[in-house]
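Accompanying notes for the structure given below.
We use all heavy atoms of the structure for the numbers below, so side chains are in, but hydrogens, waters and symmetry mates are not. Per chain, numbering begins at 1; letters A, B, ... match sequence-line order.
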There are 2 protein chains.
Amino acid sequence: MEQRRADNIAEQLEELIFNGTFSDGDRLDEVRLAEQFGVSRTPLREAFQRLALSGLVELIPRRGAFVRQPGPVELMEMFEVMAELEAVCGRLAALRITDQALEELRDANAKCQAAVEARDSDEYYAENERFHRIIYQQSGNNFLAQEAAKLHKRLKPFRRQQLRFRGRMAQSMAEHEHIMRALEMGTSDLAADTLRDHVAVQGEKFHQLMAALKSAAE
Amino acid sequence: MEQRRADNIAEQLEELIFNGTFSDGDRLDEVRLAEQFGVSRTPLREAFQRLALSGLVELIPRRGAFVRQPGPVELMEMFEVMAELEAVCGRLAALRITDQALEELRDANAKCQAAVEARDSDEYYAENERFHRIIYQQSGNNFLAQEAAKLHKRLKPFRRQQLRFRGRMAQSMAEHEHIMRALEMGTSDLAADTLRDHVAVQGEKFHQLMAALKSAAE
DNA sequence: CTTGGCATTCTTGTATACAAAAACGTTGAC
DNA sequence: GTCAACGTTTTTGTATACAAGAATGCCAAG
């Protein structure tokens with residue numbers, strides 16, 4: 001026995017849900033997945049529980065585990081909450097941020113810029129995430145930072161799509177500049193508003209994308 | 001076999017942690033609890049997972065399940081986040097609240113007032129919770145409402161203590177009045193600020209209480 | 001007396017076996 | 001032909017058995 005297969009399985013299942021192998025409403029068959037992963041049902045059931053807590057899976061008693069992808073409405077709601085959480089982080093961070101953290105923000109932003117010019121979207125995502133994560137941390141509120149990071153992670157697969165809009169990357173970079181300036185100046189309300197808009201626009205773009213896909217299908 | 005013992009056990013354990021039977025750092029012994037509840041280890045482990053997700057228990061691989069009560073610092077952080085979440089709910093609710101919901105708020109508030117006069121703290125807690133829950137709902141953002149309710153529930157046992165401050169109940173009632181007025185008028189920023197302060201002061205009071213207890217112990 | 005290594009014991013993680021509930025298909029009655 | 005009731009099958013929930021890692025204590029060596 002190695003150790004903690006259940007965790008590993010939870011991650012793999014998460015990946016399978018994100019990449020679309022399983023989609024909304026699919027029932028996750030315990031026995032089938034068990035032999036597929038080469039384990040017994042026990043660790044799989046543990047993995048289900050873990051996924052249920054992060055919201056990816058719904059556990060219905062006596063019925064099984066069902067994939068639960070958020071619909072457009074729920075997604076918009078989540079983006080709205082994300083925007084507010086980021087705004088709070090920004091407001092607190094503007095007062096509490098350290099010089100060193102500011103330096104790291106500049107670094108992350110510079111690498112973001114480089115990634116945009118190199119058309120390296122993976123690099124862009126990574127550095128963008130670092131940028132936001134620094135702000136969460138610098139809120140000085142660890143609980144808040146964790147909650148923000150949790151939701152950020154959950155929205156990750158949807159944020160990617162929205163960035164395919166023409167010119168969105170450049171616009172996003174400009175917004176980052178404004179955010180940094182607000183943090184440097186320590187103007188908390190401005191930092192909050194700028195961050196809120198920065199995230200809210202992602203929700204908006206996503207909404208537009210959904211609408212476009214829908215009308216294209218008709 | 002009845003059905004879903006695991007859920008039941010999770011609830012009971014939650015209660016045991018809240019009422020102080022288990023306190024911070026305690027290890028939850030699988031076998032001991034299993035025979036205590038008259039079940040096998042399997043449903044217990046499921047219950048642990050569920051408690052871990054709500055943050056009451058920390059699961060350390062190969063070590064076991066440990067009770068994880070938030071310390072003073074984390075508690076303050078949680079109250080800060082709660083204050084901000086309520087503020088957001090208030091800001092949105094001020095724009096979206098229905099007349100019927102306003103009526104229900106008035107009703108909950110009146111019953112709160114009656115409970116204060118009757119010195120019925122249980123009733124007060126119940127109606128106070130209803131008051132806040134209505135605001136969560138009226139934010140029009142279901143995801144937000146759920147998150148707010150989740151954190152509200154988690155802070156419940158700590159909120160109770162803080163209300164023992166002299167005159168806190170009356171002050172809280174006055175704050176409720178202000179909140180309602182802001183919601184009636186539809187002034188979202190005012191509603192947000194009033195709610196934020198209303199919750200933040202709870203954190204403050206709690207802080208004072210902790211300090212008082214600490215200095216009394218010296 | 002202290003410390004390091006080894007063996008024993010205890011506890012967690014996983015597999016398998018069993019029980020009960022829900023899903024499914026078949027058959028029979030109207 | 002349709003619908004309902006019953007029996008079969010599948011699938012979930014729980015118990016138990018087993019394997020492996022961590023904790024503990026003992027003994028010996030310095």
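Residue contacts for A:E46: at a heavy-atom cut-off of 4.0 Å it reaches no nucleic acid atom on any strand shown. At the heavy-atom level, A:V31 lies nowhere under 4.0 Å from the strands shown. B:R32 comes within contact range of no nucleotide atom at all, as no heavy-atom separation falls under 4.0 Å.
For the pair A:E14 and A:R50, the salt-bridge criterion is not met [side-chain N within less than 4.0 Å of a carboxylate O].
When distances are taken from the side chain of B:P61 to each of C:dT14, D:dA15, C:dG13, the shortest belongs to C:dG13.
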Distance-only donor-acceptor hits, side chain of residues 31-40 of chain A, under 3.5 Å, sequence neighbours excluded:
{"unit_1": "A:S40", "atom_1": "OG", "unit_2": "A:T42", "atom_2": "N", "d": "3.3"}

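Between the C1' atom of C:dA21 and the CD1 atom of A:I60 lies a distance of 15 Å, rounded to the nearest Å. Between B:R45 atom CZ and D:dG13 atom P the separation is 17 Å, expressed in whole Å. Atom CG of B:L59 is separated from atom C1' of D:dA22 by 16 Å (rounded to the nearest Å). Atom CZ in B:R41 sits about 8 Å away from atom P in C:dG13, given to the nearest Å. Regarding B:R62, its CZ atom lies at a distance of 10 Å from the P atom of D:dA20, rounded to whole Å. Here the P atom of nucleotide C:dA22 and the CG atom of A:D29 are 18 Å apart, to the nearest Å. Distance A:I9 CD1 to C:dT14 P: 8 Å, rounded to the nearest Å. We find that CD of A:E30 is positioned 15 Å from P of C:dT14, with the value rounded to whole Å.
Take the nearest nucleotide of DNA chain D for A:T42 and for A:R63: the residue whose nucleotide is more 5' is A:R63.
The number of heavy-atom neighbours closer than 6.0 Å to CG of B:N19, taken from other residues, nucleotides and ligands shown, is above 12.
Every residue meeting the ring pair (Phe, Tyr, Trp, His ring centres under 6.0 Å) condition with A:F131, not counting sequence neighbours, appears here in chain and number order: A:H176.
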